[in-house]
Every structure is written in structure tokens, then in C-alpha cells.
Protein chains: 2
Amino acid sequence: MDRRNKLIKRKVRISVIQMLVNKEKKDNLENAKRLIIQSLKFNPDIVVLPEMFNCPYDVKYFPSFSEKEGEITWNFLSNISKEHKINIIGGSIPEIHNDKIYNTCYIFNRSGNQIGKYRKTHLFDVDIKNGQYFKESDVLTAGNSLEIISIDEIKVGILICYDIRFPEITRKLMREGAKIIFVPAAFNMTTGPLHWEILFRTRALDNQIFFIAASQARNPLSSYKAYGNSLICDPWGRILKKLDEKERILSKEIDLSEIPRVRNQIPVLKHFREDLYK
Amino acid sequence: MDRRNKLIKRKVRISVIQMLVNKEKKDNLENAKRLIIQSLKFNPDIVVLPEMFNCPYDVKYFPSFSEKEGEITWNFLSNISKEHKINIIGGSIPEIHNDKIYNTCYIFNRSGNQIGKYRKTHLFDVDIKNGQYFKESDVLTAGNSLEIISIDEIKVGILICYDIRFPEITRKLMREGAKIIFVPAAFNMTTGPLHWEILFRTRALDNQIFFIAASQARNPLSSYKAYGNSLICDPWGRILKKLDEKERILSKEIDLSEIPRVRNQIPVLKHFREDLYK
């Protein structure tokens, strides 16, 4: 059995922290800490936080909550991953760099070292009749590169929320070897019921990889009502486990050997016709 | 109002013939005729037949049922479209050409003229553990080009069944202007419950176009148990109407002005980042 097969057989324990976020950064970090510690009972390899886990999802808060790399929230994530020897996909936070603000995910390994960083590349600017209005680009700048990293020697990709609507990025991350894609997110009460599940399920199915979607819990006091429904989807496009809208932890062991299994049985990736797609 | 806007506002009446198919080609054509005539009560602009509507979906029948262009089934479709002044998306039939057999869809306009032809480009070769086995490539040859045509001045694309699993083709047809994609199909009892709806819904949503899926009805006497569930999906990824597994006609008027509406409200196509996808 070669090394690659050995890795592909690996089982991975994942905890998704579906947390409430309020207007006090300090509260949010304490809440994240409490829930991360609670998740340790499951002995997770990877803990995932939601989009904007330290800041209300509302453009008016992004500037004052923004931090440079290496500041409060960054240190919080580094310390907690080191202390508990867990990998952390740090949801996202407003990052400020050269006077620009990004929606940024930092990733830390079991030693507390930053091993990756992804700035949301597709900003959420929508205006749905009788539904959700939001314009990230009023305040945020989009990142310009995709992110694929190794966590415990498993290649994983990162997307943030609205990015999931662009099938080309998942395709690219899969081609570069991603076996799991983590998606810190905050869909809302318009797009959530309509689109949340089918987007993750179909991306997982098309690319025959796992998807982990980590949402904020729904806060009735927030201007933005997060959909919740954090979920884990397997490479058959099946939802393995899903939450409701409340503050909860979703913990699940996934088996990466499902990937070669589905790829052998429905070999879409072999049946690819690049000649047709140009 | 320019011509383009005028066309985009067009309402289109569609009838999907979800028909039973048996081992007698003559019966199948008579059945198709009966159902097409029945659908005329709705006054459809476009009538769609399912994949292999004149032949059981089983590779052992494809050679003996195969026809050259201009033979029995082709004439049947041409005559019926001319007689009733309807556009027909002719599902698919086994076509033989230079000793090769294709899974081919012919399209006829209201004058009975062939205005398009599509040979399935991705052959269905799957082997699912405790589920469906099928190998089209034992007998069939894949087509080498996509098809986009104008029906009553509306651009439409054609895919056949397994093709839907390849998001790149829908993307390409949409880029070339397709507003509706018709998919004669025959999913089965393994892949149907798992994947049928989410594939059509997500392709429609990603590309903000309509999808029309036309399945065979489920024949308990066939070796291949078709899933049925023919459906019409709008550019928001919502199913507008859906059948069960029985022989029935699905008729529905769709409103193409939903396309610019969703594209303005969730402008994913404007937010495209070609720079990232290379």
C-alpha cells in the first residue's frame, strides 16, 4: 500500500462551531473559546468556525472590527489551536491590510502556526426583491488567489460563503487535489431555504469530494438573519449531518475512502471531455 | 424596447411527454403520437420526448432499433411536428451512421424541418455497488459537438441524461446564449433519488436559465427502471412542476423574463472572476 492510498484511507474527525455572534468582539471570542473547548469531547482533528465569527455580519461593523494579521483574533486562534493541539479553520474575520479590508480566513495547525490564509474572492453584492439586500463591496476588497493547504497531510480547500456560487473554483481546488472543502458562511433567510443545500450537495457530487459548511447561528437580534443549517456533505452529494438554526456543534467523522469509491462507481472525472468545454 | 428585450420577455408553453417505452418500436411511436396529440390541448410551443423514446433503454436493443437519419422515427417526428405546427425536441433514438451507433436527439420546427441534432457526448458507463450497472460504450459512440439552436427565435441547448453531470457543458451553452436547456433523460432508481433534482436545480441556478428534464415513465417490466420525475426548473433553481414516475404529460408555461430578473438580483454572472479560474 503506497503512501497515497494510506492517506486516502484516512478518517478525519471534524467539529463545526455554529455560533451566535453579537456586537462585542470580546464576547464573540469568549463564546468561540467555550464552544471549541466543548467540541474537544469529540476529539476533532479539525475545528471550523463560521464566517465573520468575531463580528456581526453587517458592513457597518467591518471597519471597526477589522484587525491586522497577528493581532487579537489571530492570536486567539493561534493560542487555542496550540493549547489543544487541534487544527483550526478560523471561519473569517475582517482583516485590514494597507487600508483595505478583506473577509479573511486564517488556518492554524496543531502547533498554533498559521498554515494558510484565504481572502474571500467573490464579494456578496445582492439585491433580492422582497428579500435580502447586502453589499460587501461597499467596505470590503476581494482577494485575488485561491487557497489549498495540507492539514495533517490531507489537501483541503477554503471558500467563503458566496464563493460557493461559482462552480469553477471548486473545480479548480479539486483538480489541485482538495479532498475536503471548508466553507465558512452566512447564508440568509432568502437564499438559505432556496439554495444552501443544493449548492453544497451538487458541488460535492460534481467533484466527488467532501464539503463542510459552517454557518453562524441565527441571532434574532441581528440585522442579518443567518440561515444556520451547518452541514457535512459527502462525495455522493448526500448530507451526512446537518444542524438547525440554533447555536450548536456539529461533530462527525468522515471517511476519505468514500472519494475513490464514488469515483470508481460513477467515473465522471474520467469521462471528462476537455475537447468540448473550450 | 429593442428586439433582444422583446425576445427575453417571451412566454413559452412547454409539454413534456413522460412516456412508457416497450420492446415494439411501432407501439412506442403510436404511444408517442397519442400523447403528443393529447398534449395539444395545452397548445404547447415546444413538445419534448424522453431519451430513447422509441427503444428500451438497454444496450442489447440499441443496434436492432437503430435507424439512419431520414428513416422511420425521423419521418414520424417530422410529420407530426408539421401536421400540428409544433416544435418537437425528439428525445433521443439510436441513430446509425457509418456503422456507428449514437444516442441522438433530432429537433424539428413547426414546418417539420430538422433544425438541430445532438449526439450524446458523455456516455453513461457506471457500476454502482448494490445499485445500477450500465455501459453505453459497449454499443454506442459519443458525439463530438454541442448543440444550440433557435426555436421560435429563442436560443435553446440540448443535453442528454448523463451529460447533466458535467457542469462545463451547461456553462458553455449558457455563454452561447441558451435560455432553456432541454434534457431528454432516463435516470434510474439508484441515481434518481440521490441526484436527479439537485443536478437540474443547481445547473439552472448557477447559470440562471431554465431546465426541462424529460424522463421515460417507469416501466415495471423493463430491465432498466427509469426514475421518471420529469420536471421544469426555473433560473432561481426552483422546481416549477414535477411528475411522479407514471406515464403522464407535464405542461407548463414558462416566463423567460425571470432570467434577467434573477440575473439582476443575484448577479453571479457579473461577479465572474475569469482571472481566478484558469
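What you are looking at is a predicted structure, and each value in this text was computed from that prediction instead of being measured. Naming: A, B, ... by sequence-line order, numbering from 1 per chain.
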Do B:H122 and A:L276 touch side chain to side chain, with heavy atoms closer than 4.5 Å? yes

Find the one option among [options] whose heavy-atom pairs under 4.5 Å with chain B are most numerous.
| options | value |
| --- | --- |
| A:K129, A:R238, A:R261 | A:K129 |
| A:R203, A:H271, A:K172 | A:H271 |
| A:A142, A:P167, A:G131, A:G237 | A:P167 |
| A:L146, A:D125, A:V268, A:V126 | A:V268 |
| A:D275, A:V262, A:N264, A:L205 | A:L205 |

Salt bridge check: are A:R273 and B:D163 linked by an N-O gap of less than 4.0 Å? no

Could you have a look at B:I198, B:I169, B:N144, B:L123 and say which one has the most heavy-atom pairs with chain A under 4.5 angstrom? B:I198

At what distance, to the nearest 0.5 angstrom, does [atom1] of [X] lie from [atom2] of [Y]?
| X | Y | atom1 | atom2 | value |
| --- | --- | --- | --- | --- |
| A:W236 | B:T190 | CH2 | OG1 | 9.0 Å |
| A:E168 | B:E168 | CD | CD | 7.5 Å |
| B:F124 | A:I266 | CZ | CD1 | 7.5 Å |

Correct closest heavy-atom pair for B:R201 and A:L194 would be NH2-O, 3.2 Å

Heavy-atom cut-off 4.5 Å, strictly under: side chain, backbone, both or neither for B:K278 against chain A? backbone

With a 4.5 angstrom heavy-atom cut-off, which part of B:Y162 approaches chain A: side chain, backbone, both or neither? side chain

